[in-house]
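Report on one structure; see the data block that follows.
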Amino acid sequence: MSQNPKTLFQKIWDSHVVAEERGAPTVLYIDLHLVHEVTSPQAFSVLKERGLKVRRPGRTVATMDHSIPTKGGYEAADEMGRIQLRLLESNANANGVRLYGLNSVQRGIVHVIGPEQGFTQPGMTIVCGDSHTSTHGAFGSLGFGIGTSEVGHVLATQCLLQRKPKTCEIRVDGTLRPGVTAKDIILAVLAKIGVGGGTGHVFEYTGAAIRALDMEGRMTVCNMSIEGGARAGMVAPDDKTFNFVHGREFAPQGAAWDQAVARWRTLPTDAGATFDQTVTLDASSLEPMVTFGTNPGQGVAITQPLPQPSSLTNANERAGLEKSLAYMKFEAGKPILGQPVDVVFLGSCTNSRLVDLRAAAGLLKGRKVAKSVRMLVVPGSQSVKLAAEAEGLDKIFKEAGAEWREAGCSMCIAMNGDQLSPGQLAVSTSNRNFEGRQGKGGRTVLASPLTAVASAVAGRIADPRPLMT
Amino acid sequence: MSAPKFTSLTARCVVLPVQDVDTDQIIPARFLKVTDKLGLGDKLFCDWRYLDDGSLNPKFILNQPEAQGAEILVAGHNFGCGSSREHAPWALVGFGFQAVISTMFADIFKGNAVKNGLIPVTIEPAAHAELVALRAKNPDLQITIDLQTQTVSWLGQTPVTFPIDPFSRTCLLEGVDELGYLQKFQTQAEAYEAAHV
């Protein structure tokens with residue numbers, strides 16, 4: 001045992017301290033800054049006002065994802081969207097920042113392309129003006145979302161002022177049963193801890209069920225850490241991590257690769273290191289999970305009845321549950337299975353990678369999307385799209401009656417014209433079921449890609465497991 | 001561009017008795033296409049505040065006569081969860097709020113708020129419940145938030161202490177510009193890069 005055992009988080013934090021002044025937060029070095037069109041314009045404006053340039057353009061990567069039309073071309077965006085996209089182009093060009101622009105074959109959702117291009121590596125500090133930056137923690141990095149003021153700080157100084165958060169181990173033991181996925185793990189974690197349960201903490205996911213996940217599954221889990229209030233979620237790097245990173249364009253090459261792996265192998269939490277909190281979950285007992293309410297912590301196993309507000313003793317929580325059920329037009333105590341579905345969205349930084357599309361297509365093959373359902377499939381990046389097309393996945397989706405789109409955030413955040421109409425119910429593989437998140441008045445049920453496909457086929461919220469036998 | 005300053009405030013409040021208010025409710029994503037910070041106050045809580053025809057929803061608390069001129073929002077637990085959008089504090093400040101009182105704030109929202117001179121005041125559930133009950137009886141209830149003493153008080157009650165990051169407090173009291181502060185560490189940042197990168 002190490003004399004001074006440290007967690008994965010503590011090791012990364014300690015190795016990125018630039019300075020510490022009494023009474024002030026730590027000045028933390030940022031290895032990688034990801035930038036997109038929505039949260040950067042006002043930050044670049046601050047730099048312009050002060051006559052500053054991006055300090056380390058080589059550590060800054062920009063992409064277009066939130067406002068971008070998924071039918072292709074600027075002309076498909078509204079005027080403000082076009083202005084925002086053009087502004088990112090001019091800001092990136094003026095500062096020598098690499099931009100995966102509209103016509104780039106590597107453009108995509110910021111949290112998909114970071115790992116895909118090899119920018120995301122173990123041990124790094126990674127920030128972005130986007131709360132789902134927690135995704136990158138799947139690689140054993142410290143990734144967290146920041147506000148636009150902080151985007152300006154990092155652009156100008158490559159540093160950030162941060163107070164050290166507490167740590168929380170989320171140990172997921174056991175083995176997932178067929179039809180139960182990484183998405184179901186994180187929805188079950190959130191149902192257990194609630195949307196505020198991780199506030200002030202960084203999660204480290206441990207246990208046999210996490211180790212057994214592929215990198216895409218780990219990204220899905222870490223992605224939704226913020227839905228529990230934790231700014232970051234991490235998984236210790238292992239051979240799966242290294243194999244994923246190896247050979248990617250921006251990964252270390254040659255001798256530098258061997259040195260990097262040797263360094264990365266020292267990152268996992270030491271035996272004897274302690275966390276401020278521990279939460280445990282048994283993966284073996286999990287079923288496919290769905291949300292029923294208006295925050296991601298309001299989830300149930302798909303076979304379970306909806307909870308009764310009367311079962312809650314805290315008046316505020318009871319009022320919250322009643323408000324959520326009323327918005328969703330769901331009745332307490334009734335099953336969620338069988339609720340009619342209008343739209344199925346397969347996409348977002350949570351579940352839009354090639355592995356997600358393969359799993360969905362595998363279940364959809366030879367079946368049809370119900371006539372009453374509009375299904376939208378939006379790959380996480382143009383690279384994912386091309387790879388999926390090379391495998392013929394697009395044909396499976398299109399033959400089943402789904403729409404096959406260009407990469408982007410799309411209906412997860414509904415900024416680009418892909419959105420629900422008031423009252424419509426969507427089963428969505430995205431990360432947020434807040435009121436109106438997918439379009440004003442829209443109702444969102446979060447689920448795994450498998451549950452999304454089963455629901456698309458049935459036209460109702462459906463358990464994927466009967467289709468898998 | 002000057003850094004926001006705050007010392008103390010005495011103002012009326014409005015109560016939004018909802019827990020887990022996410023930033024999509026504070027400012028819906030369709031308004032994030034702006035490239036500046038202007039005009040977001042009109043869109044604050046847009047989908048709760050306006051009816052489908054664009055008229056004000058008379059039932060929503062911000063549209064009630066007693067809410068006019070209120071500069072403090074008393075919100076439910078876990079205010080500002082969800083997205084990192086700084087448009088949320090921009091919208092709250094744009095509307096005229098200078099402080100939000102809750103029993104807990106989401107981390108990113110809290111950090112964004114102080115950078116815009118919006119004070120996140122965290123108090124215990126019992127004090128919060130007392131405040132909400134008093135406000136229900138007295139719509140003109142005045143609340144005083146004193147950043148120097150880190151206290152919030154109402155109706156001459158014993159002031160309640162609230163936690164705030166000491167650095168954020170200093171920045172707000174003295175108008176310290178955080179980016180300017182960070183720029184002072186460029187020599188150390190270069191030394192760090194030379195050693196690590």
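Each chain gets a letter, A, B and so on, in the order the sequences are listed, and its residues count up from 1.
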Tell me, for A24(A) versus chain B, whether the close heavy atoms (under 4.5 Å) come from the side chain, the backbone, both or neither.
-> both
Above 12 or not: heavy atoms from other molecules or residues under 6.0 Å from CG of D36(B)?
-> yes
Are Q298(A) and S324(A) close enough that a side-chain donor and a side-chain acceptor fall under 3.5 Å?
-> yes
Q19(B) versus chain A, heavy atoms under 4.5 Å apart: side chain, backbone, both or neither?
-> side chain
Please flag which part of I146(A) lies under 4.5 Å from any non-hydrogen atom of chain B: side chain, backbone, both or neither.
-> backbone
Min side-chain heavy-atom separation N57(B)-Y50(B) under 4.5 Å = no
Given a strict heavy-atom distance threshold of 4.5 Å, which part of V151(A) is in contact with chain B: side chain, backbone, both, or neither?
-> neither
Is the shortest side-chain N to carboxylate O distance from D22(B) to R432(A) below 4.0 Å?
-> no
Under 4.5 Å from any heavy atom of chain A - which part of F109(B) | neither
Choice from G320(A), A319(A), S149(A) maximising heavy atom contacts with chain B below 4.5 Å = S149(A)
Side chain, backbone, both or neither: which part of N316(A) has an atom under 4.5 Å from a heavy atom of chain B?
-> both
Mind ranking E150(A), H66(A), R163(A) by heavy-atom pairs under 4.5 Å with chain B and telling me who comes out on top?
-> R163(A)
Given the options A189(B), C81(B), A106(B), which has more heavy-atom pairs under 4.5 Å with chain A than any of the others?
-> A189(B)
Under a 4.5 Å heavy-atom cut-off, does chain B meet the side chain of H132(A), its backbone, both or neither?
-> neither
For chain A, which of D107(B), N112(B), N78(B), T170(B) has the most heavy-atom pairs under 4.5 Å?
-> D107(B)
Based on non-hydrogen pairs under 4.5 Å, which of P296(A), A19(A), P25(A) is most in contact with chain B?
-> P25(A)
Could you tell me which of M80(A), E227(A), Q84(A), R59(A) has the largest number of non-hydrogen atom pairs under 4.5 Å with chain B?
-> Q84(A)
Contact origin within H77(B) toward chain A - heavy atom pairs under 4.5 Å = neither
Residue part contacting chain B, namely of S15(A), when any heavy atom lies under 4.5 Å | backbone
Of the backbone (N, CA, C, O) and the side chain (C-beta and beyond), which part of I413(A) lies under 4.5 Å from a heavy atom of chain B, both, or neither?
-> both
If you count heavy-atom pairs under 4.5 Å with chain B, which of Q158(A), K323(A), Q419(A) comes out on top?
-> K323(A)
Which atoms of Q188(B) approach chain A - backbone, side chain, both or neither, heavy atom under 4.5 Å = both
Heavy-atom contact with chain B under 4.5 Å, split by part of E317(A) = both
Rounded distance (nearest 0.5 Å) linking atom CD1 of I27(B) with atom CD of E86(B) | 13.0 Å
Hey, could you give me the CG/CD1 distance between L147(B) and I145(B), rounded to the nearest 0.5 Å?
-> 9.5 Å
Top contributor to chain B contacts, counting heavy-atom pairs under 4.5 Å, from N431(A), T39(A), T157(A), V18(A) = T157(A)
Take F167(B) and Y181(B) through the ring pair (Phe, Tyr, Trp, His ring centres under 6.0 Å) test and state the conclusion after the steps.
-> CA-CA 11 Å; F167(B) 180 76; Y181(B) 175 84; 4.8 Å; yes
